[in-house]
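Working notes, structure below.
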Amino acid sequence: MNNIWQEILDVVEEKMGKPTVEAFLKPSRAIINKEDNKLTLIVPNEFIKTYIEQKSGKLKNIIEDILEGENLKLSLEVDESIGNLSQEEYLENNNKVEKNEQKGFLSKYTFETFVVGPGNRMAHAASLAVADNPGKAYNPLFIYGGAGLGKTHLLQAIATTIRSKKPNLYILYITSEKFTNEFINAIKDDKINSFQEHYRNIDILLVDDIQFIAGKERTQEEFFHTFNTLYESGKQIVLSSDRPPKEIRTLEERLRTRFEMGLIADIQPPDLETRIAILQKKAEIENIDIDPEALVLIAEKVASNIRELEGVLTKSMALCSINQESRITIKHAQEALKNIEDNKLNNLPTMDEIAIAVSKVMQIKLEDLKSRGRKSHQANARQIAMYLCREMTKNSLPQIGEYFGRDHSTVIHAYERIKEDINKDQTLKRIIEQIRSFLKSV
Ligand SMILES: Nc1ncnc2c1ncn2[C@@H]1O[C@H](COP(=O)(O)OP(=O)(O)OP(=O)(O)O)[C@@H](O)[C@H]1O
């Protein structure tokens with residue numbers, strides 16, 4: 001394997017120069033699958049994938065020529081998690097226990113790097129218990145919470161801990177989207193038996209973002225059988241979601257009941273002290289020198305999403321090094337926060353984008369947001385959409401009213417209702433946070 005990869009690196013360097021190798025191949029990892037006769041080039045982002053696929057026919061041709069000699073086809077995949085893993089580590093993760101699915105493990109997501117606070121104490125304790133005693137502590141363990149609050153981190157920490165203690169267990173971390181895609185491919189390629197055999201032989205199954213199987217009938221059916229087989233043979237199942245099972249609409253009742261059979265643990269946004277501790281930990285791990293006031297300022301300003309919190313720290317660090325300074329001060333933090341704020345202001349979402357985000361997160365048809373439908377879920381979603389249009393766009397009340405086919409007094413009513421309820425109703429608050437992070441992610 002290493003030989004082919006080395007050959008690719010050498011030939012590309014010879015024909016296209018070192019910068020191409022450094023920019024496009026060094027950050028990527030290669031995996032050969034002999035059964036399928038293919039070499040998968042795992043690249044860290046969409047940009048590199050598009051570049052190799054479209055913009056640089058030459059690079060692709062060179063690689064394909066080398067592979068042809070080995071009777072291999074080239075396939076490209078994006079995996080943003082490869083960042084810190086060397087080719088060897090990446091391969092090792094892939095080959096462990098002779099199964100290649102463990103590539104999702106991220107060594108930085110461990111219990112040691114996870115900061116515990118009031119908002120995540122229970123989820124953390126339950127995860128530790130599961131990692132210590134898989135299949136026996138809580139089964140399934142269902143962790144839910146808003147975007148960027150550490151669900152993936154905990155799932156990965158469980159996986160990594162079990163792997164180090166019991167390397168012979170077959171552990172699979174997967175997103176429900178990937179499970180769905182694999183299932184669809186298995187149907188398409190008439191490989192459903194091997195799909196089932198594979199999934200039903202897992203010892204520890206961790207499924208991230210399980211809410212995405214809602215509404216997908218056949219995937220739910222398949223997952224139901226996988227779940228039962230594993231559960232009945234005492235295998236550990238851990239699930240994460242952005243909401244509790246009872247709030248996942250269009251989830252089959254029999255799955256919902258199963259998800260509720262073990263322990264349900266939520267993660268709430270961190271308080272100020274925890275945010276400070278998270279930043280301190282991150283600064284310590286990455287050897288970042290930062291003034292305490294700068295750290296506190298960032299923690300004060302970014303409250304609801306740890307990914308964003310880390311983003312501001314990284315941005316501050318970048319500003320610090322651009323200025324050739326070695327210590328992050330309040331000046332860098334202010335500038336980083338301002339940059340992020342400016343980006344948000346300049347990137348105001350449109351009412352269409354808000355409507356789409358509401359429909360996705362609340363699992364409601366887009367047209368129902370504008371219809372006269374009076375079912376309470378529809379009316380609630382519509383009011384949330386109006387509230388967000390008022391909060392996040394520069395449109396006037398009549399414009400918002402017109403968009404939803406209502407008059408401006410209805411918009412005022414919706415806005416006032418949501419604004420008042422958001423402080424009293426945790427579910428509503430969480431839904432709105434999810435819609436906001438959905439908008440940020442598109
Ligand atoms: N308690 C914590 N201590 C340290 N780092 C944390 C903690 N919680 C989250 N993080 C970090 O915040 C980032 C986002 O966390 P993660 O990806 O686990 O969130 P998530 O809940 O899975 O989000 P999403 O639902 O958007 O996928 C990661 O870099 C993670 O390491």
Side-chain angles (χ1 to χ4, degrees), residues 1-107 163 167 170-175 177-199 201-202:
M1 158 70 220
N2 278 337
N3 292 347
I4 304 178
W5 182 234
Q6 196 53 51
E7 189 182 344
I8 292 176
L9 296 176
D10 292 345
V11 177
V12 172
E13 181 170 337
E14 187 190 315
K15 298 200 170 163
M16 296 186 73
K18 205 167 177 150
T20 306
V21 173
E22 292 294 330
F24 297 104
L25 298 183
K26 283 278 169 71
S28 306
R29 308 285 169 256
I31 294 171
I32 291 188
N33 184 335
K34 293 221 169 88
E35 271 171 36
D36 294 345
N37 284 349
K38 80 177 178 190
L39 179 143
T40 308
L41 190 59
I42 319 275
V43 299
N45 55 51
E46 282 295 335
F47 169 76
I48 295 191
K49 180 163 182 262
T50 318
Y51 181 88
I52 297 178
E53 268 175 348
Q54 295 162 8
K55 303 223 176 68
S56 170
K58 191 169 171 198
L59 176 54
K60 196 169 173 213
N61 288 344
I62 296 173
I63 301 177
E64 282 178 339
D65 279 352
I66 300 170
L67 294 183
E68 209 177 293
E70 305 286 333
N71 203 14
L72 291 170
K73 287 211 163 34
L74 175 67
S75 142
L76 287 160
E77 262 181 39
V78 176
D79 180 354
E80 291 173 358
S81 67
I82 59 181
N84 295 331
L85 300 180
S86 67
Q87 169 78 17
E88 285 67 33
E89 283 173 323
Y90 200 72
L91 279 181
E92 192 192 333
N93 277 351
N94 273 275
N95 294 336
K96 262 256 150 78
V97 205
E98 294 164 6
K99 309 277 198 321
N100 69 3
E101 278 76 3
Q102 298 191 8
K103 67 179 174 194
F105 291 4
L106 294 169
S107 49
R163 186 176 59 171
Y170 176 26
I171 307 166
L172 179 67
Y173 164 89
I174 192 166
T175 61
E177 245 170 334
K178 189 151 184 228
F179 178 87
T180 307
N181 290 340
E182 286 188 3
F183 176 57
I184 294 170
N185 285 337
I187 298 175
K188 183 168 71 74
D189 302 339
D190 203 15
K191 287 191 176 153
I192 201 75
N193 286 343
S194 55
F195 174 91
Q196 290 175 338
E197 197 189 309
H198 169 212
Y199 273 93
N201 278 312
I202 289 166

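As a basis for the values below, the full set of heavy atoms in this structure was taken, side chains included, without hydrogen atoms, waters or symmetry mates. A quick note: this is a predicted structure, and the numbers were derived from the prediction, not measured.
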Derivation and outcome, side-chain contact (heavy atoms from CB on, under 4.5 Å), residues Phe24 and Val43: CA-CA 8 Å; Phe24 297 104; Val43 299; over 6 Å; no
Should Leu67 and Ile4 be marked as a side-chain contact (heavy atoms from CB on, under 4.5 Å) after you check the CA-CA gap, both sets of side-chain angles, and the distance that decides it? CA-CA 8 Å; Leu67 294 183; Ile4 304 178; 4.0 Å; yes
Contact summary for Phe195 and Ala186, nearest pair of heavy atoms: CB-CB, 3.7 Å
Are any non-hydrogen side-chain atoms of Ile192 and Ile187 less than 4.5 angstrom apart? yes
Does atom CD of Glu64 have more than 12 heavy-atom neighbours, drawn from other residues, nucleotides or ligands, at distances under 6.0 Å? yes
Using the ring of each side chain (for Trp, its six-membered ring), is Tyr170 parallel, tilted or perpendicular to His198, with breaks at 30° and 60°? parallel
Rounded distance (nearest 0.5 Å) linking atom CD1 of Ile62 with atom CD of Glu13: 11.5 Å
To the nearest 0.5 Å, how far apart are NZ in Lys60 and CD1 in Ile52? 9.5 Å
Is a side-chain donor-acceptor pair under 3.5 Å present for Asp10 with Gln6? yes
What heavy-atom pair brings Thr40 and Lys38 nearest, and what distance separates the two atoms? OG1-CE, 3.6 Å
Are side-chain heavy atoms of Lys26 and Val21 found at a separation under 4.5 Å? yes
Straight-line distance of Thr180 OG1 to Ile174 CD1, nearest 0.5 Å: 8.5 Å
Give me the atom names and distance for the closest heavy-atom approach of Glu22 to Pro27. O-CD, 3.3 Å
How long is the straight-line distance from CD1 of Ile171 back to CZ of Arg163, given to the nearest 0.5 Å? 7.0 Å
So, do Asp65 and Val11 sit near enough that their side-chain heavy atoms are less than 4.5 Å apart? no
Evaluate whether atom CG of Asp189 has more than 12 neighbouring non-hydrogen atoms of other residues, nucleotides or ligands under 6.0 angstrom away. yes
Student check: side-chain heavy atoms of Leu41 and Ile8 closer than 4.5 Å: no
Are the aromatic ring centres of Phe183 and Tyr199 under 6.0 angstrom apart? no
Value for CD1 (Ile48) from CD1 (Ile42), rounded to nearest 0.5 Å, stands at 12.5 Å
Approximate separation, where rounding is to 0.5 Å, of Ile202 CD1 and Leu172 CG: 4.5 Å
